[in-house]
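Right, one structure below, let's go through it.
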Amino acid sequence: MPATILIALASSALASCGGSTGSAPVGVVSGAVSATGSGAPAPTPTPTPTPSPTPDPTPATETADASDVQPAATGKRILLVDKQFYGAGQFLAYASPWCAYIDSKLKIGVDLVNTISFMAGNFPNGVDITASAPNENPNLHGCGVYGYHFAAYGNYDGGAAPVAVTPRQVSSITSFTQKFSWHPVYGAADNYNVLNEFYVTSVAGVTSGKVAEIGLMLHASASAAWLAKSGTQIGTWTDDSGRVWKVSQVKKFIIVIPADGKDARSGSIDFGKLLKFLVSRGVLTGKEWVNGAAIGLEPVIATSAITVDSWSIALK
């Protein structure tokens, strides 16, 4: 692993981002570290959504020095804090407090304190994610949510896992499926979103050329549900288990949310069939490329924590 790693914090439309259609730069790289930090649960008010999107932030570049990257130890518990990385096989993990890049008044490690923890040999299963953020609407800081802390597969928004995943063009995908299971640990329902997403790009492996961001809200805060309702309604899509999802779009963000308003805490999703649905509705052309995917927690306000009990995914 090189001593210096560039992280492309590219502008995106993570419009789910609690309270408004805020855009979120998210970048990741592979590596591994151990550190400490945590938050504690506390009840908080629901943020009030704003009626219009916040502007896309200017893309930024962040550098991780050699002290941020250490080799993984199989069988050891890895504990990541903000801006620290882990990569194993086709997967990686990263805690991204990106709202601090938009508002420099927010201090990482003080205002934003986030952790990702797991057993190295079990990753990406048993991933514990905690988040602590200000007890106020993130729109006050120009963000929709305070960050995104996640496990990822392949090349997700500018960073690649140690073992490459071959990008696939939407029209030629033969299999793009996942199985997942997660559960909440603490935090009021409106404190966080559980976002499971991927991007489609105009060029294979070049995540700066984003055409759309496709995000499944496995758990939606009130602000994320409001956002989904405020967008252009594309229709409903039913997955192979019979679960019905409402699909809408805000700018480049395609929001996929359970129609019954309940959490999707486990099951399987055929992303390939979802992509075919989007092509059939004229949202995508089929010429776009898929490079990777992620699952994790978006802090909307105050404190929250989840565990990703299991996650498996493959793109062919």
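All of these numbers come straight from a predicted model, not from anything done at the bench.
A side-chain donor-acceptor contact under 3.5 Å links Gln233 to the backbone of Ala228. Distance alone, capped at 3.5 Å, places no donor-acceptor pair between the Asn191 side chain and the Ala302 backbone. Side chain of Tyr148 to backbone of Leu195: a donor-acceptor contact under 3.5 angstrom is found. His141 places no side-chain N or O within 3.5 Å of a backbone atom of Ala100 that could act as its donor or acceptor partner. In this structure, Asp111 contributes its side chain and Lys107 its backbone to a donor-acceptor pair below 3.5 Å. A donor-acceptor contact shorter than 3.5 Å is absent between the side chain of Arg265 and the backbone of Trp182.
Of all heavy-atom pairs between Phe91 and Pro162, the closest is O-CD, 3.8 Å. The two atoms that bring Pro97 and Ala95 nearest to each other are CD-O, 3.3 Å, heavy atoms only. Nearest heavy atoms, Leu297 versus Ala131: CD2-CB, 3.6 Å. Across all their heavy atoms, Leu275 and Phe176 have their closest contact at CD1-CD2, 4.0 Å. Annotation for Lys251 and Gln249: closest pair O-NE2, 3.0 Å, computed over non-hydrogen atoms. Considering every non-hydrogen atom in both Trp245 and Leu216, the closest pair reads CH2-CD2, 3.9 Å.
A donor-acceptor contact closer than 3.5 angstrom links the side chains of Thr307 and Asp128. In the model, Asn193 has a side-chain atom that pairs as donor or acceptor with a side-chain atom of Ser221 under 3.5 Å.
Within the model, atoms OH of Tyr199 and NZ of Lys252 stand 10.5 Å from one another, a figure rounded to the nearest 0.5 Å. Between Arg281 atom CZ and Ile254 atom CD1 the span is 12.5 Å, to the nearest 0.5 Å. Once rounded to the nearest 0.5 Å, the distance linking CD1 of Ile257 with OG of Ser248 reads 7.5 Å. Atom CG of Leu218 and atom CG of Asn196 lie 4.5 Å apart (nearest 0.5 Å). The distance from the CG atom of Asn114 to the NZ atom of Lys83 is 12.5 Å, given to the nearest 0.5 Å. Between the OG atom of Ser117 and the CG atom of Leu80 there is a distance of 8.0 Å, given to the nearest 0.5 Å.
Side-chain contact between Leu274 and Ile269: absent, with no pair of heavy atoms (C-beta onward) separated by less than 4.5 Å. Pro184 is not listed as a side-chain neighbour of His219, based on a closest heavy-atom distance of 4.5 Å or more. Counting heavy atoms from C-beta outward, Phe253 and Glu197 have side chains that approach closer than 4.5 Å. Residues Val250 and Ile255 have side chains in contact (heavy-atom distance under 4.5 Å, counting atoms from C-beta outward). With contacts defined as side-chain heavy-atom distances shorter than 4.5 Å, the pair Ile301/Asn137 does not qualify. Counting heavy atoms from C-beta outward, Ser268 and Asp240 have side chains that stay 4.5 Å or more apart. Between Met119 and Arg77 there is a side-chain heavy-atom pair separated by less than 4.5 Å. In this structure, Asp157 and Glu213 have side chains that are not in contact, with every pair of non-hydrogen atoms separated by 4.5 Å or more.
Between Lys105 and Asp103 no salt bridge is recorded (no basic side-chain N to carboxylate O distance below 4.0 Å). Contact check on Lys273 versus Asp239 returns no salt bridge, with no Lys/Arg side-chain nitrogen under 4.0 Å from an Asp/Glu carboxylate oxygen.
Taking the centre of each ring, Tyr156 and Phe150 come in below the 6.0 Å mark. The six-membered or imidazole ring of Tyr86 lies near that of Phe123, with a centre-to-centre distance under 6.0 Å. Between Tyr94 and His149, a ring centre-to-centre spacing not shorter than 6.0 Å is recorded.
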Would Leu278 and Trp237 count as a side chain to side chain contact (heavy atoms under 4.5 Å, CB included) if you check the C-alpha gap in whole Å, the side-chain angles of each, and the deciding distance to 0.1 Å? CA-CA 9 Å; Leu278 294 172; Trp237 173 71; over 6 Å; no
Taking it one step at a time, do Cys143 and Ile102 satisfy side chain to side chain contact (heavy atoms under 4.5 Å, CB included)? CA-CA 7 Å; Cys143 307; Ile102 297 172; 3.8 Å; yes
Verify side chain to side chain contact (heavy atoms under 4.5 Å, CB included) between Ile129 and Thr115, making sure each step is shown before the conclusion. CA-CA 6 Å; Ile129 305 173; Thr115 69; over 6 Å; no
Trace of the side chain to side chain contact (heavy atoms under 4.5 Å, CB included) decision for Phe85 with Leu92: CA-CA 7 Å; Phe85 321 95; Leu92 57 106; over 6 Å; no
Expected list for residues 283-296: side-chain donor-acceptor pairs under 3.5 angstrom, two or more places apart:
unit_1	atom_1	unit_2	atom_2	d
Thr285	OG1	Lys287	N	3.1
Thr285	OG1	Glu288	OE2	3.1
Glu288	OE1	Thr285	N	3.4
Glu288	OE1	Gly286	N	2.8
Glu288	OE2	Thr285	N	2.9
Asn291	OD1	Gly205	N	2.6
Asn291	ND2	Thr201	OG1	3.0

Donor-acceptor list for residues 308-316 side chains, cut-off 3.5 Å, not counting sequence neighbours:
unit_1	atom_1	unit_2	atom_2	d
Asp309	OD1	His183	ND1	3.0
Asp309	OD2	His183	ND1	3.0
Trp311	NE1	Gln178	OE1	2.7

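Grouping Ile, Leu, Val, Met, Phe, Trp and Tyr residues whose side-chain heavy atoms lie under 4.5 Å apart, directly or via other members, places Leu106 in a hydrophobic cluster with Leu112, Tyr146.
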